[in-house]
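One structure below.
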Amino acid sequence: MQWTLVVPLKPLAQAKSRLADTADDGLRPDLALAFAQDTVSAALACPAVRDVAVVTDDARAGRELTALGAAIVPDEPGGGLNAALAHATGVVRAARPGSPVAALNADLPALRPPELSRVLEAAAEFPRAFLPDAAEIGTTLLAAAPGQPLLPAFGTDSRARHRASGAVELSLSGVDSVRQDVDTGDDLRSALALGVGPHTAAAAARLLIPGQ
């Protein structure tokens with residue numbers, strides 16, 4: 001089974017505001033793009049992934065991620081993260097109605113293809129399934145089998161919201177790279193400790209991070 005992944009990315013100028021204590025206004029957009037580039041590159045290198053669709057209205061991100069092999073879906077609803085994911089899921093399913101679909105965070109710079117394969121293989125056992133983030137509060141991946149609605153509920157306490165929606169929580173060890181999203185400076189340090197992709201490594205080299 002090969003998956004279509006939908007990766008949401010807000011305009012870079014608005015992204016990663018919680019990294020303000022680590023990166024200034026000039027660098028945060030570059031970091032957000034670097035995270036997305038490494039996430040998309042790793043996802044496309046995963047044997048379980050057929051293709052990746054990034055839902056974004058950011059022109060720069062669209063150019064860079066298209067160059068990596070991602071398709072770009074405009075955020076036509078403009079109604080926030082969950083509306084964007086629902087819209088993009090409809091677009092990709094119109095093209096491939098028999099494909100399973102998973103929403104994947106754009107801020108997984110340490111993502112490793114073998115670990116993503118393990119998560120998707122486990123998700124394939126259920127109509128809907130999700131993987132909690134490293135903080136065990138949010139969600140980094142939400143998967144839906146063919147014919148099943150995605151029903152994204154990302155945002156505050158999304159782990160609890162996805163569980164309440166009937167999605168099965170995946171309890172897997174050894175998939176830290178799929179769980180380590182980056183919202184804060186501490187998150188970035190954790191991702192760097194796991195080993196990030198080349199785009200994030202280059203952007204992070206411009207920061208002074210204790211312990212880096």
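When each of T139, L111, T140, L142 is tested with N105 by the rule side-chain contact (heavy atoms from CB on, under 4.5 Å), just one qualifies, namely T140. Checking each of T22, D107, L19 against L31 for a side-chain contact (heavy atoms from CB on, under 4.5 Å) leaves exactly one that passes, namely L19.
Classification of R60 and D30 as a salt-bridged pair holds, one side-chain N sitting under 4.0 Å from a carboxylate O. Comment: D133 does not engage R159 in a salt bridge, judged by the lack of any side-chain N to carboxylate O separation of less than 4.0 angstrom. Look at R189 and D186 and you find a salt bridge, because one of the NZ, NE, NH1 or NH2 atoms lies within 4.0 Å of a carboxylate O, short of that distance. Salt bridge R18/D187: absent, no basic N to carboxylate O contact under 4.0 Å. Classification of R179 and E136 as a salt-bridged pair holds, one side-chain N sitting under 4.0 Å from a carboxylate O.
The local environment of CD in E121 is sparse, with at most 12 non-hydrogen atoms from other residues, nucleotides or ligands closer than 6.0 Å.
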Exercise. Mind running side chain to side chain donor-acceptor pair (under 3.5 Å) on T4 and R93 for me, showing each step along the way?
Key: CA-CA 9 Å; T4 292; R93 279 189 159 162; over 6 Å; no
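Between H162 and F130, the ring planes lie tilted relative to each other; the angle falls in the 30° to 60° range.
Across A191 and P109, no two heavy atoms sit closer than the pair CB-CG, 4.1 Å. Taking each heavy atom of A203 and A34 in turn, the nearest pair found is CB-CB, 4.1 Å.
Neither F154 nor L108 shares a network with the other; the hydrophobic side chains, linked directly or stepwise wherever heavy atoms of I, L, V, M, F, W or Y lie under 4.5 Å apart, form separate groups for each.
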